[in-house]
Every structure is written in C-alpha cells, then in structure tokens.
Amino acid sequence: MTTKFVKINEVSSGQSTSALQQAGEILRRGGLVVFPTETVYGLGGDGTNADSARAIYAAKGRPADNPLIIHIAFPEDAEKYTETSDLYFRLAERFMPGPLTVILTAKPVIPPEVRAGLDTVAVRCPSHPVAHALICAAGVPIAAPSANLSGKPSPTCAAHVKDDMDGRVDMIIDGGDSEVGLESTIVKMEGDGSLTLLRPGAVTLDDLLTVTDRVTVADAVTGQLAPGEIVLSPGMKYKHYAPDAPFYLLDGTDEEIFSFLKTKEGRIAVLTYEEDLDAWRDGLPDKDFYAFGRRNNRVEQAHLLFHLLREIDKRGYTAIYAPLPAKDGIGLALYNRMIRAAAHQIIKL
Ligand code: AMP
Ligand code: MG
C-alpha cells in the first residue's frame, strides 16, 4: 500500500482541516492513520470496528492477545464505551486531557478484537491538538497502540514512524516531536474502588496519590530484577522497546562506570548525563557518548530515551550502555522502559 504523508503544524489552518477530514474518512472506512500524541505516535483505527483492530495488529506485527487503547476527544465520552465511576471522573478532572490511560469495564460497542477478548478496555483522552482534532474529525473513538513494529522502541517523531510503518498504513500525520517521549501511565480501576498502576508514565505515582491513596503498583512494573546479577537473555518475552544492538544498564557511581567502559572494546555507544559528557569524551575518545539530559532531570531523559535508542541503533554499534536510573517521579517510567529495552541486562559495578 502507498502511505500518504501530511505535516500539520497548526490544526486550524485550511490545509490541516482538509488533511484531517481525509484522515477521518480513512478511519471511518476501516483504514489506518498514524497520528502524533503528547506521549508517542499512535497507530490508529476505528475503535468500534473489529476489522480495523485486526489491521492494526497486522501492521504492527503484534500478537492479538495484547489489547489496544481507545482514544477519545473528551473525558465524558468514556460513558459511551465503558462503565465509568466517580473515581474515573476525579482522575479525569485532574489528568485529562493528558498522558493517563484508565482501564474500565467495556460496553459491547467496543468489539472483543480491540480488547483482546478481555471484558475491560483502556481509555485515554490525549492533549495533543492534532490527536484531538483527528478524533473529532473521525467521529469514532480511535483504537491505537504505539506506532512501532512490535518489540521496537515507540516512535517519538515522524521519521521514526516512517522507518517502521511506510507501506503498512494509509496515512502518517507528522505533528513534530512527542513532548513526553514515553507511553501513557496506565491504571486499572478495580472492583473495590482501588487503582492498580500497570504501566508508569508522565502521570506519576505521587500524582495519582493526590486523587486516591488506594494505589497498588503491579509487580511487573519493576519486576524480574535480581540486583547484582547480569541476567542474560531471559527470553524475548521480556524484551520490549529494544534496539537491535545489545543494551546494558550500568548500576554504579560515575567513577565505576568510567572505569568499566575503559575495559570495553568494539564500537560502543553510551547514553551519558550532560555533566559527564566532556570528561568522558576526553578520557575515552574511541567511544561515542550521546547526551542523555541532565543527571537530575528525568523529564529530559524520558523525552530523549526512545529517540536516542533509535538513532544510535542505525549506526551499527556492538553494544549500547546507559546508567541505571533512580525510580522516583517519572524515573519509575524510565526505569520500567529501560529494563525492558535492555532485556533486564543490568551490570552491578
Ligand atoms: P501500547 O501503548 O502500544 O503499549 O499498547 C497499549 C497498552 O495498553 C498495552 O501495554 C496493553 O497491554 C495495555 N492495555 C490495553 N488494554 C488493556 C486492558 N483492558 N487491560 C490491561 N492492559 C491493557
Ligand atoms: Mg507499545
């Protein structure tokens, strides 16, 4: 299939209105449109159409047992597709539109293919103006996972979408760089009125705790970790967001990391905090150091992670190294993505 590319800078311009109308038509007739959001790019289809869901799984190469998120224009639209609750609206009031996905009991209008057969469905109301305008133009909720091939890092700019999706979708809308750079926070609304944090993101655990004190963090968020051990190839099942080159996380002080890197041969790329860049480049001129934001700025690091992994991976390194992040604030989301990208290969120094 031939993929049409459009760039939208300003949603209210005449050019964008006609592009969005065309995209809305594609979605209504069962086609696929990749669109920008504030988290990462989404691979969208009609959330009420089982065939669209099948087409999404096929384009992404994703196993059909991993459900999709439906994107809505306004928080109250969740009423049409799910059983909402007072807690849902309290979360919506505080975090929507924005990078929070809530899992609720689905109404039958959402086909089982979208939900991978579960009786729940994931709902999100994105804040990106292009995403909002597209959902309005489509007139249907947009089911979308991240617009990467299954297993690859999520795309945070249109060039990375093109690498994975050219020829697999009807249209790609370029709306610039994703602001957050990591996928949404996912919480599940439990029957007893508590929340389970299934995937951390830019809406942090502390943010959620301002709305309810009943939040449990699912074991899988930080799971499978044996600190002090190198876990080699624990199976593709645990490998997500992964570059092709082996990726290792280094758990140690600056000095320990520097000494460790000194012993490594081959073409080595290192994600490096800005404070260390000059000294490490001077000290180890045979390695390539990539700026990974300031040490204490986890928001910057989140914004850069997937972008850097994809750019670095185009350059054929033997190995990629990065410091293991702390788990506070959005650091928990970074940690969660980085241990998966590294297939849990953590080297304790
Ligand atoms: P992606 O944003 O591409 O990572 O895909 C959507 C994510 O939402 C996946 O990690 C799914 O496992 C998760 N998800 C979607 N619907 C549900 C649901 N009903 N229950 C649990 N997780 C879900
Ligand atoms: Mg994904």
Side-chain angles (χ1 to χ4, degrees), residues 35 37-40 42-48 53 56 66-128 131-132 134-136 138 140-146 154 178-180 182-221 329-330 332-333 336-337:
F35 61 101
T37 83
E38 70 279 18
T39 57
V40 300
L43 166 53
D46 175 356
T48 60
I56 290 172
N66 195 353
L68 310 175
I69 295 173
I70 63 166
H71 293 70
I72 54 179
F74 303 98
E76 54 273 24
D77 291 343
E79 298 266 31
K80 296 185 229 167
Y81 314 116
T82 69
E83 307 294 341
T84 56
S85 65
D86 176 54
L87 179 55
Y88 169 78
F89 283 104
R90 282 194 285 136
L91 290 167
E93 170 90 1
R94 177 85 170 71
F95 304 115
M96 293 183 194
L100 178 69
T101 297
V102 183
I103 293 174
L104 298 158
T105 301
K107 289 186 175 169
V109 60
I110 302 299
E113 286 77 3
V114 170
R115 310 179 251 128
L118 299 173
D119 57 11
T120 53
V121 67
V123 178
R124 167 162 132 71
C125 177
S127 63
H128 195 295
H132 177 80
L134 179 64
I135 302 164
C136 294
V140 291
I142 300 182
S146 50
S154 297
S178 303
E179 184 190 334
V180 176
L182 297 180
E183 306 82 351
S184 59
T185 301
I186 302 182
V187 291
K188 180 158 193 240
M189 197 83 69
E190 302 292 355
D192 65 1
S194 67
L195 293 179
T196 307
L197 177 62
L198 297 182
R199 179 172 76 184
V203 172
T204 66
L205 178 59
D206 286 337
D207 292 335
L208 294 167
L209 289 169
T210 64
V211 176
T212 170
D213 53 8
R214 297 178 64 204
V215 186
T216 310
V217 180
D219 288 345
V221 167
I330 195 175
L332 183 64
N336 170 271
R337 304 314 190 277

Between [X] and [Y], is there a donor-acceptor pair closer than 3.5 Å when you use the side chain of the first and the backbone of the second?
| X | Y | result |
| --- | --- | --- |
| Arg124 | Gly98 | yes |
| Arg90 | Thr212 | no |
| Ser184 | Pro99 | no |

Could you check if a side-chain atom of [X] sits within less than 4.5 angstrom of a side-chain atom of [Y], using non-hydrogen atoms only?
| X | Y | answer |
| --- | --- | --- |
| Pro200 | Leu205 | no |
| Pro67 | Ile103 | no |
| Leu100 | Val187 | yes |
| Pro97 | Cys125 | yes |

Exercise. Can you list the steps and then say if Leu195 with Leu197 is a side-chain contact (heavy atoms from CB on, under 4.5 Å)?
Worked result: CA-CA 6 Å; Leu195 293 179; Leu197 177 62; over 6 Å; no
Closest approach of [X] to [Y] (non-hydrogen atoms, all atoms of both residues):
| X | Y | answer |
| --- | --- | --- |
| Ser154 | Val40 | CB-CG1, 3.8 Å |
| Val221 | Asn336 | O-ND2, 2.8 Å |
| Ala53 | Val114 | CB-CG2, 3.9 Å |
| Val180 | Ala202 | CG1-CB, 3.7 Å |
| Ala333 | Leu182 | CB-CD1, 3.8 Å |
| Leu68 | Ala144 | CB-N, 4.4 Å |

Exercise. According to the salt bridge (Lys or Arg N to Asp or Glu O under 4.0 Å) rule, which pairs have a member within residues 203-213, sequence neighbours left out?
Worked result: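 Output for this query is empty, none listed.
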For this session: Could you note down all residue pairs passing salt bridge (Lys or Arg N to Asp or Glu O under 4.0 Å) where residues 100-114 supplies at least one of them, sequence neighbours left out?
Result: Arg54-Glu113
Can you tell me how far the [atom1] atom of [X] sits from the [atom2] atom of [Y], to the nearest 0.5 Å?
| X | Y | atom1 | atom2 | result |
| --- | --- | --- | --- | --- |
| Ile56 | Ile142 | CD1 | CD1 | 9.5 Å |
| His132 | Phe35 | NE2 | CZ | 13.0 Å |
| Arg199 | Leu332 | CZ | CG | 12.5 Å |
| Leu198 | Thr216 | CG | OG1 | 10.5 Å |
| Asp219 | Thr196 | CG | OG1 | 10.5 Å |
| Leu208 | Arg214 | CG | CZ | 14.5 Å |

Problem set entry | salt bridge (Lys or Arg N to Asp or Glu O under 4.0 Å) partners of Arg94, counting only residues at least two apart | none
Problem set entry | Residues which pass ring pair (Phe, Tyr, Trp, His ring centres under 6.0 Å) with His128, listed by chain and number, not counting sequence neighbours | none
Got a list of side-chain donor-acceptor pairs under 3.5 Å for residues 74-83, not counting sequence neighbours?
residue	atom	partner	partner atom	Å
Asp77	OD2	Phe74	N	3.3
Glu79	OE1	Thr84	OG1	3.0
Thr82	OG1	Ala78	O	2.8

For this session: Could you please spell out the steps behind the side-chain hydrogen bond (donor to acceptor under 3.5 Å, both in side chains) verdict for Ser146 and Glu183?
Result: CA-CA 8 Å; Ser146 50; Glu183 306 82 351; 4.8 Å; no
Problem set entry | side-chain contact (heavy atoms from CB on, under 4.5 Å) between Met189 and Leu91, worked out | CA-CA 11 Å; Met189 197 83 69; Leu91 290 167; 4.2 Å; yes
Problem set entry | side-chain hydrogen bond (donor to acceptor under 3.5 Å, both in side chains) partners of Thr105, counting only residues at least two apart |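 Listed in chain order: nothing, the list is empty.
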Problem set entry | Test log, rule side-chain contact (heavy atoms from CB on, under 4.5 Å), inputs Phe95 and Thr185 | CA-CA 11 Å; Phe95 304 115; Thr185 301; over 6 Å; no
Exercise. Checking side-chain contact (heavy atoms from CB on, under 4.5 Å) for the pair Ile70/Thr48: CA distance, chi angles, key distance, verdict?
Worked result: CA-CA 9 Å; Ile70 63 166; Thr48 60; over 6 Å; no
